[in-house]
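Written out below as structure tokens is the structure these notes cover.
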Amino acid sequence: MTSDDLNLTVLAGPTAVGKGTVSRKLLELHPEIYLSISATTRAPREHEIDGVHYHFIDRESFEKKINDQEFLEYAVVHGVNLYGTLWQPILDANKAGRPALLEIDLQGARQVKEIAKNAKFIFLAPPSFEELVTRLGMRGTEPLEERKKRLETAHQELAAQNEFDYVVVNDDVNRAVAEIEMIMGLN
Ligand code: 5GP
């Protein structure tokens with residue numbers, strides 16, 4: 001198998017757009033999908049479980065994995081922490097006939113595009129920027145400074161949505177999920 005044969009869909013989009021909710025719904029409907037669990041140096045949020053939401057690792061371990069070429073892609077996100085997609089679980093999932101879904105940022109999506117030419121690239125967009133500000137505020141998981149940083153990144157990400165094969169507007173979760181099912185050929 002070459003990296004061009006990977007059965008891979010990248011779901012990117014700005015902070016608080018609802019990537020988590022959309023992919024959770026998608027997984028409920030299609031448990032065969034392997035949702036990639038990223039490694040990150042970010043500290044876990046209160047409800048987050050190591051090995052389920054992320055592999056929470058320290059910077060030293062992350063850098064070792066970079067050196068050992070364990071990452072399909074990795075990036076510093078929001079100017080602070082490292083996040084990366086591990087190769088091995090994706091190869092294992094594909095070998096078992098399972099499509100892989102990556103919930104990553106724009107920088108990561110660009111890297112994957114260089115490696116996996118036939119992957120599908122979906123940008124999940126908010127109905128408006130104002131809606132994003134509201135959703136991020138309501139989530140309340142980040143302090144004000146962090147929210148500002150995330151919204152700056154969001155500006156840049158929204159400007160790059162035309163780099164993606166598909167733009168899906170998350171105005172309604174079920175509708176957005178149905179569109180993604182079609183793109184992934186799951187219906
Ligand atoms: P959060 O800290 O809210 O969980 O995620 C912050 C951002 O990091 C999100 O936009 C998410 O898409 C991105 N992200 C999560 N995992 C990865 C990854 O493995 N690689 C890259 N490049 N970005 C990731």
Side-chain angles (χ1 to χ4, degrees), residues 6 8-24 26-27 33-59 61-66 68-91 93 100-116 119-126 129 132-133 135-161 163-164 167-168 170 176 180:
L6 289 171
L8 204 68
T9 300
V10 170
L11 182 66
T15 187
V17 71
K19 282 173 296 199
T21 312
V22 163
S23 49
R24 246 191 327 272
L26 204 58
L27 249 70
I33 295 173
Y34 168 69
L35 178 64
S36 167
I37 302 167
S38 300
T40 182
T41 60
R42 168 168 80 61
R45 294 180 187 132
E46 213 172 295
H47 68 283
E48 286 177 333
I49 301 161
D50 186 35
V52 175
H53 298 95
Y54 282 103
H55 298 291
F56 295 100
I57 61 177
D58 61 24
R59 205 167 180 104
S61 315
F62 201 104
E63 278 163 6
K64 181 168 188 315
K65 289 187 189 300
I66 295 175
D68 294 345
Q69 305 193 327
E70 288 188 40
F71 288 116
L72 166 57
E73 63 73 37
Y74 68 90
V76 175
V77 182
H78 305 307
V80 197
N81 286 301
L82 283 155
Y83 293 77
T85 306
L86 296 159
W87 263 115
Q88 198 54 53
I90 289 173
L91 294 175
L101 181 66
L102 272 54
E103 217 189 289
I104 59 176
D105 87 326
L106 175 63
Q107 309 169 73
R110 285 177 175 154
Q111 291 174 45
V112 176
K113 203 159 195 174
E114 289 303 310
I115 298 162
K120 290 175 178 141
F121 294 87
I122 304 174
F123 187 88
L124 193 65
F129 191 75
L132 208 60
V133 178
R135 287 185 195 179
L136 187 63
M138 279 187 346
R139 189 166 79 179
T141 41
E142 291 83 13
L144 186 63
E145 269 313 302
E146 174 71 18
R147 291 213 292 268
K148 276 193 193 155
K149 214 176 287 164
R150 281 172 181 254
L151 288 172
E152 271 168 36
T153 312
H155 252 304
Q156 293 161 16
E157 297 199 317
L158 286 168
Q161 55 184 283
E163 289 178 32
F164 286 75
V167 176
V168 174
N170 191 16
I180 294 170

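For clarity, every value in this text was computed on a predicted model and none was experimentally measured. Residue indices begin at 1 and follow the sequence shown. Read the numbers this way: they start at 1 and go in the same order the structure lists the ligands and their atoms.
- Residue contacts with ligand 1: Glu73 is placed with a nitrogen or oxygen under 3.5 Å of a nitrogen or oxygen of the ligand (distance criterion only).
- One finds no salt bridge joining Glu152 and Lys149 here, because no Lys/Arg side-chain nitrogen approaches an Asp/Glu carboxylate oxygen to under 4.0 Å.
- Polar contact with ligand 1: present for Gly84 (N/O pair, distance under 3.5 Å).
- Here the straight-line distance linking atom CD1 of Ile33 with atom CG of Leu26 works out to 4.0 Å at 0.5 Å rounding.
- Taking the side chain as every heavy atom from C-beta outward, Leu72 and Ile115 approach each other to under 4.5 Å.
- Between the side chain of Asn170 and the backbone N or O of Val17 there is at least one donor-acceptor pair closer than 3.5 Å.
- Distances below 4.0 Å separate heavy atoms of Thr85 from the following atoms of ligand 1: 19 (O).
- Of the possible donor and acceptor atoms, one in the side chain of Thr41 sits under 3.5 Å from a partner among the backbone N and O of Leu82.
- Glu48 places a side-chain N or O within donor-acceptor distance of the main-chain N or O of Arg45, the cut-off being under 3.5 Å.
- Atoms CZ and CG, on Phe164 and Leu11 in that order, are 9.0 Å from each other to the nearest 0.5 Å.
- Every heavy atom of Glu157 sits 4.0 Å or more from the atoms of ligand 1.
- With Glu146, Arg45, Glu48, Arg42 as candidates, the residue nearest to atom 3 (O) of ligand 1 on a non-hydrogen basis is Arg45.
- When each atom of ligand 1 is checked for a heavy atom of Gly108 under 4.0 Å away, the hits are 22 (N).
- Taking a cut-off of under 4.0 Å to the non-hydrogen atoms of Asp105, the atoms of ligand 1 that pass are 12 (O), 13 (C), 21 (C), 22 (N), 23 (N), 24 (C).
- Shown in contact with Lys19 at under 4.0 Å from a heavy atom are these atoms of ligand 1, numbered in order with element: 9 (C), 10 (O), 11 (C), 12 (O).
- Residue contact check: Tyr54 has heavy atoms under 4.0 Å from atoms 1 (P), 4 (O), 5 (O), 15 (C), 16 (N) of ligand 1.
- Residue contacts with ligand 1: Tyr74 is placed with no nitrogen or oxygen under 3.5 Å of a nitrogen or oxygen of the ligand (distance criterion only).
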